[in-house]
Amino acid sequence: MNKRVVYLEDNMIDEHEKEIFQADIPYTVKGNLIINEDGLSVPIHNIWVDFRLIHQ
């Protein structure tokens, strides 16, 4: 079974200047979401930095 992983090119920062996703960390795509270590999820189509999607 293929696993999809996203690597962000830059850190994702929210409107309060808080880093919510780090660059170069593999985030597994679950359904259509990436989820950080705090449980925050973002739909992959709403990622606002450049990223690489890899099928493993």
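Worth saying up front: this structure is predicted, and the values here are computed from it rather than measured. In this chain, residues are counted from 1 in sequence order.
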Atom pair CG/CZ of L8 and F51 - distance to nearest 0.5 Å:
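Rounded to the nearest 0.5 Å, the CG-CZ separation comes out at 8.0 Å.
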Kindly write out the residues that satisfy side chain to side chain donor-acceptor pair (under 3.5 Å) with E9, not counting sequence neighbours, or none if the list is empty.
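By the side chain to side chain donor-acceptor pair (under 3.5 Å) rule, E9 matches R52.
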Check for a donor-acceptor pair, side chain of N2 on one end and backbone N or O of H55 on the other, with a separation under 3.5 Å.
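Answer holds: no.
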N/O donor-acceptor pair under 3.5 Å between D14 side chain and H16 backbone:
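Checked: pair present.
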Can you name the side-chain contact (heavy atoms from CB on, under 4.5 Å) partners of N11, sequence neighbours left out?
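N11: side-chain contact (heavy atoms from CB on, under 4.5 Å) contacts with I13, E19, Q22, A23.
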Of V5, I54, L53, which meets side-chain contact (heavy atoms from CB on, under 4.5 Å) against V29?
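Testing V29 for a side-chain contact (heavy atoms from CB on, under 4.5 Å) against V5, I54, L53 leaves exactly one candidate, L53.
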Side chain proximity check, [X] to [Y], heavy atoms < 4.5 angstrom:
| X | Y | value |
| --- | --- | --- |
| V6 | I47 | yes |
| Y27 | R4 | no |
| L33 | V42 | no |

In terms of hydrophobic clusters joined by side-chain contacts under 4.5 Å, are M12 and Y7 together?
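In one cluster with M12: Y7, no.
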Are I25 and F21 linked, directly or through intermediate hydrophobic residues, by side-chain heavy-atom contacts shorter than 4.5 Å (ILVMFWY only)?
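Both belong to a single hydrophobic cluster.
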